[in-house]
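Positions are given from 1 along the sequence. As the structure lists them, so they are numbered: ligands from 1, and atoms in each ligand from 1.
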Amino acid sequence: MAGSIVILTGAGVSAESGVDTFRDKHGIWSNSDYREVATPEGFSAKSDLVHTFYNQRREGLAKVVPNAAHVALARLEREHSGEVTLVTQNIDDLHERAGSKNLIHMHGELAKALCSRCGTRHDWRETLSTQVPCPACGKTGGMRPDVVWFGEMPYHMERIYEALRECDLFIAIGTSGNVYPAAQFVQEAGRAGAHTVELNLEPSETVSDFDEVIYGPASRVVPEYVERVLRAK
Ligand code: APR
């Protein structure tokens with residue numbers, strides 16, 4: 001039975017809920033240029049375009065629900081005797097809506113806004129624009145999605161590395177292994193002696209770093225794997 005578990009999820013865990021992935025055919029990056037909509041430079045050049053990109057995705061949250069993979073991961077956290085830390089690269093709110101509590105959004109959250117003037121964060125479900133005044137400092141011109149863009153430092157890295165150093169089981173789910181630092185978490189966990197597993201639709205870029213790989217749609221392979229972990233004595 002694994003002691004402490006660290007799970008890393010990517011867009012693939014939300015795909016069957018109807019949330020687009022990034023690098024699949026017709027993925028988000030095949031329709032939008034990440035340099036325009038997911039970098040600080042892009043935001044300072046065309047903030048309205050960036051706000052429109054995230055406003056559309058934020059509105060989409062109301063139209064999607066957690067799938068069996070999100071539900072299974074929340075069950076694992078509830079029923080497993082050891083610590084379960086869920087690190088997600090996703091900015092949707094499906095893990096929390098499925099009941100996950102010990103959850104780290106390393107790339108930020110669509111349902112949060114950040115004031116770049118005063119640094120405060122705010123729950124945010126409405127349309128956002130730079131004309132919106134910050135609820136804390138009252139200034140306009142600085143409100144942005146609380147999302148980590150390319151070239152920015154992911155959130156909670158110290159807490160994530162601490163969990164990786166302690167873990168006995170590392171499970172990566174629905175991530176292509178293209179983006180760092182998340183793509184090298186498997187090596188960190190391996191160095192700590194953890195058993196490392198990839199649950200995905202197809203081999204990721206980092207498949208060779210894993211001890212075990214299981215392919216199939218997350219809504220099937222994640223509940224099956226969670227059952228296996230909970231049954232293991
Ligand atoms: N079940 C399991 N895996 C799936 C499914 C599914 N139903 N559908 C797709 N996948 C897999 C794909 O095979 C792919 O390996 O999910 C992965 C999605 O990869 P990406 O689209 O690259 O998404 P992700 O790995 O989360 O991207 C990481 O890149 O653009 C940035 O900030 C963005 O957080 C994102 C980061």
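- The G10 neighbourhood of ligand 1 comprises atoms 26 (O), with distances under 4.0 Å to a heavy atom of that residue.
- In terms of hydrophobic clustering, with Ile, Leu, Val, Met, Phe, Trp and Tyr side chains grouped at heavy-atom distances under 4.5 Å, I5 and I160 are assigned to different clusters.
- Among protein heavy atoms, the minimum distance from atom 6 (C) of ligand 1 is reached at G12 O, 3.4 Å.
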I would like to know whether K46 and E36 meet salt bridge (Lys or Arg N to Asp or Glu O under 4.0 Å); could you show each step before the answer? CA-CA 8 Å; K46 297 182 192 162; E36 284 196 326; 2.9 Å; yes

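- Checking side-chain atoms of S14 against main-chain N and O of S17 turns up no donor-acceptor pair under 3.5 Å.
- Here the side chain of R125 pairs no donor or acceptor atom with the backbone of A111 at under 3.5 angstrom.
- Ligand 1 has a nitrogen or oxygen under 3.5 angstrom from a nitrogen or oxygen of N200.
- For ligand 1, the polar-atom distance check finds an N/O of A218 within less than 3.5 Å of one of the ligand's N/O atoms.
- Nearest non-hydrogen protein atom to atom 12 (C) of ligand 1 is D24 OD1, 3.6 Å.
- Nearest residue to atom 30 (O) of ligand 1 from Y215, Y34, W29, Y180 is W29 (criterion: closest heavy atom).
- Between W29 and F53, the angle of the ring planes stays under 30°, which puts this pair in the parallel group of the 30/60° scheme.
- The nearest protein atom to atom 32 (O) of ligand 1, hydrogens excluded, is given as H107 ND1, 3.4 Å; this is a heavy-atom distance.
- For ligand 1, the polar-atom distance check against F22 finds a nitrogen or oxygen pair separated by under 3.5 Å.
- Classified by interplanar angle (parallel below 30°, tilted 30° to 60°, perpendicular above 60°), the ring pair Y161/F185 is perpendicular.
- By the 4.0 Å N-to-carboxylate-O rule, R220 lies too far from E227 to be salt-bridged with it.
- The contact set between ligand 1 and P217, taken as ligand atoms under 4.0 Å from a residue heavy atom, comprises 1 (N).
- Judged by distance alone, the side chain of D123 and the main-chain N or O of K112 form no donor-acceptor pair under 3.5 Å.
- Annotation: atom 36 (C) of ligand 1 to nearest protein heavy atom, V179 CG2, 3.8 Å.
- L201 N, 3.3 Å is the protein heavy atom nearest to atom 3 (N) of ligand 1.
- Below 3.5 Å of separation, one finds an N or O of A11 facing an N or O of ligand 1.
- At a threshold of 4.5 Å between side-chain heavy atoms, the hydrophobic network of Ile, Leu, Val, Met, Phe, Trp and Tyr places L110 and L49 in one connected group.
- Within the set R23, E205, E16, Q89, the minimum heavy-atom distance to atom 27 (O) of ligand 1 is found for R23.
- Distance from atom 13 (O) of ligand 1 to its nearest protein heavy atom, with residue and atom name: E202 OE2, 3.3 Å.
- Between N178 and ligand 1, no pair of N/O atoms sits closer than 3.5 Å.
- Considering only heavy atoms from C-beta on, H95 comes within 4.5 Å of V13 through its side chain.
- Residue T175 touches ligand 1 through backbone and side chain together, judged by heavy-atom distances below 4.0 Å.
- No donor-acceptor pair closer than 3.5 Å links the side chain of T175 to the backbone N or O of T9.
- The protein atom (non-hydrogen) at minimum distance from atom 17 (C) of ligand 1 is G174 O, 3.5 Å.
- The shortest N/O to N/O separation between G177 and ligand 1 does not fall below 3.5 Å.
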